[in-house]
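Below: one structure, written as structure tokens.
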Amino acid sequence: MRVERTRLDGMLLFVPEPHHDDRGLFTRTFDAAVAAAHGLDPAAFIQDSQSRSRYGTVRGMHGRSGRGEAKLVRCARGAVLDVVVDARPGSSTFGQHVTVRLDDETFTTLYVPPGMLHGFQSLTALSDVCYRIDREHDPSEDLSVRYDDPDLKIAWPLPVAAISDRDLAAGSWAALRARLSN
């Protein structure tokens, strides 16, 4: 398994090396020793969740206030364009975003550090996204920014086919930025 850094400080990509043969394939999607070697505490991830989305669905942009939350994110079925926005006011990459394709062919796992906003768009008929999260959910700490906020300039590859009412009602990046700087 190889590990790559992105241009957002602290964000990592864990890229497995699948073994293919006439039966199909086998791959390791998580390795505690590899995670630890890159500064992550594997035991800190206490919750696994999964979402299923249809083609064109956008979920996000979501984050957590307080201590934030770290996530390991992978696509177990289909493909998604995953988007991470740095919402850490003291970070040198504050306000910047990175997009990564996650799919069921490369099995890449994305490490999203605390203090980031996260979202994705389904690129296939169905996509299953798996999350390993380091904190229990507390709805009072939820943060969200509209997926199409003009200040973020996220280039979603497809027309939005479905999005939750909650995500449509999300606030602006400018409002969150002001809140975070107080």
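Residues take their numbers from the sequence shown, with the count starting at 1.
Put simply, the side chain of Ser127 does not reach to within 4.5 Å of the side chain of Arg77, judged on heavy atoms. Looking at Val85 and Ile154, their side chains come closer than 4.5 Å, going by heavy atoms from C-beta outward. When side chains are defined from C-beta on, Val112 counts as touching Val73, because their heavy atoms get closer than 4.5 Å. You'll find the side chain of Leu158 reaches within 4.5 Å of the side chain of Gln121, heavy atoms only. Side-chain contact between Phe14 and Asp31 is absent, with no heavy atoms from C-beta onward closer than 4.5 Å. When side chains are defined from C-beta on, Val98 counts as touching Val100, because their heavy atoms get closer than 4.5 Å. Two residues are said to be in side-chain contact when any heavy atoms from C-beta on lie closer than 4.5 Å; Met1 and Pro16 meet this criterion. Residues Phe107 and Pro18 have side chains in contact (heavy-atom distance under 4.5 Å, counting atoms from C-beta outward).
Between the side chains of Thr93 and Asp9, no donor-acceptor pair is found at a separation under 3.5 Å. Defined by atom type and a distance below 3.5 Å, a donor-acceptor pair is missing between the side-chain atoms of Ser53 and Ser122. Side-chain N/O atoms of Asp86 and Gln96 include no donor and acceptor closer than 3.5 Å. Donor-acceptor pairing under 3.5 Å is lacking for the side chains of Glu4 and Thr6.
A distance of 5.5 Å separates CE in Met11 from CG in Leu13, rounded to the nearest 0.5 Å. Summarising the geometry, atom CG belonging to Leu143 is positioned 5.5 Å from atom CG belonging to Leu176; distances are rounded to the nearest 0.5 Å. Once rounded to the nearest 0.5 Å, the distance linking CZ of Arg74 with OG1 of Thr106 reads 11.0 Å. The structure places OH of Tyr147 at 15.0 Å from CZ of Phe120, a figure rounded to the nearest 0.5 Å. Rounding to the nearest 0.5 angstrom, the gap separating the CD atom in Glu136 from the CD atom in Glu69 is 11.5 Å. Taken from SG in Cys130 to CG in Leu102, the straight-line distance is 10.5 Å, to the nearest 0.5 Å.
One finds a salt bridge joining Asp48 and Arg132 here, because a Lys/Arg side-chain nitrogen approaches an Asp/Glu carboxylate oxygen to under 4.0 Å. Using a 4.0 Å cut-off between charged nitrogen and carboxylate oxygen, Asp103 and Arg101 count as a salt-bridge pair. The pair Arg64-Glu141 meets the salt-bridge criterion, with a side-chain N (NZ, NE, NH1 or NH2) lying under 4.0 Å from an Asp/Glu carboxylate O.
Between Phe94 and Trp173, the ring center distance clears the sub-6.0 Å criterion.
Leu126 and Leu81 fall into different hydrophobic clusters, defined by Ile, Leu, Val, Met, Phe, Trp and Tyr side-chain heavy atoms under 4.5 Å apart, directly or through other members. Hydrophobic clustering places Tyr55 together with Val58 (ILVMFWY residues linked when any side-chain heavy atoms are closer than 4.5 Å, directly or through intermediates). A continuous path of Ile, Leu, Val, Met, Phe, Trp and Tyr side chains, each step under 4.5 Å between heavy atoms, connects Tyr111 with Val3, placing both in one hydrophobic cluster. Hydrophobic clustering places Leu40 together with Val34 (ILVMFWY residues linked when any side-chain heavy atoms are closer than 4.5 Å, directly or through intermediates). Leu180 and Leu8 fall into different hydrophobic clusters, defined by Ile, Leu, Val, Met, Phe, Trp and Tyr side-chain heavy atoms under 4.5 Å apart, directly or through other members.
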Run the side chain to side chain contact (heavy atoms under 4.5 Å, CB included) check on Ser144 and Met61 step by step: do they pass?
CA-CA 5 Å; Ser144 61; Met61 300 298 298; over 6 Å; no
Taking it one step at a time, do Asp82 and His118 satisfy side chain to side chain contact (heavy atoms under 4.5 Å, CB included)?
CA-CA 8 Å; Asp82 204 277; His118 175 255; 2.9 Å; yes
Is there a side chain to side chain contact (heavy atoms under 4.5 Å, CB included) between His62 and Leu117 once you walk through the steps?
CA-CA 5 Å; His62 305 144; Leu117 297 175; over 6 Å; no
Using the side chain to side chain contact (heavy atoms under 4.5 Å, CB included) rule, take Asp142 and His137 through it: C-alpha gap first, then chi angles, then the decisive distance, then the call.
CA-CA 9 Å; Asp142 287 350; His137 182 246; 2.9 Å; yes
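For Thr109, there are no side chain to side chain donor-acceptor pair (under 3.5 Å) partners at least two apart in sequence or on another chain.
Surrounding CZ of Phe30 are more than 12 heavy atoms belonging to other residues, nucleotides or ligands, all under 6.0 Å away.
Between the Thr57 side chain and the Arg54 main chain, a donor and an acceptor come within less than 3.5 Å of each other. With hydrogens and angles disregarded, no donor-acceptor distance shorter than 3.5 Å links the side chain of Asp149 to the backbone of Ser172. Arg67 places no side-chain N or O within donor-acceptor distance of the main-chain N or O of Arg135, the cut-off being under 3.5 Å. At least one donor-acceptor pair under 3.5 Å links the side chain of Arg146 to the backbone N or O of Leu168.
Minimum heavy-atom separation, Ala32 to Pro42: O-CG, 3.3 Å.
Of the residues listed (Ile133, Leu110, Val84), the one engaging Lys71 in a side-chain contact (heavy atoms from CB on, under 4.5 Å) is Ile133, and it is the only one.
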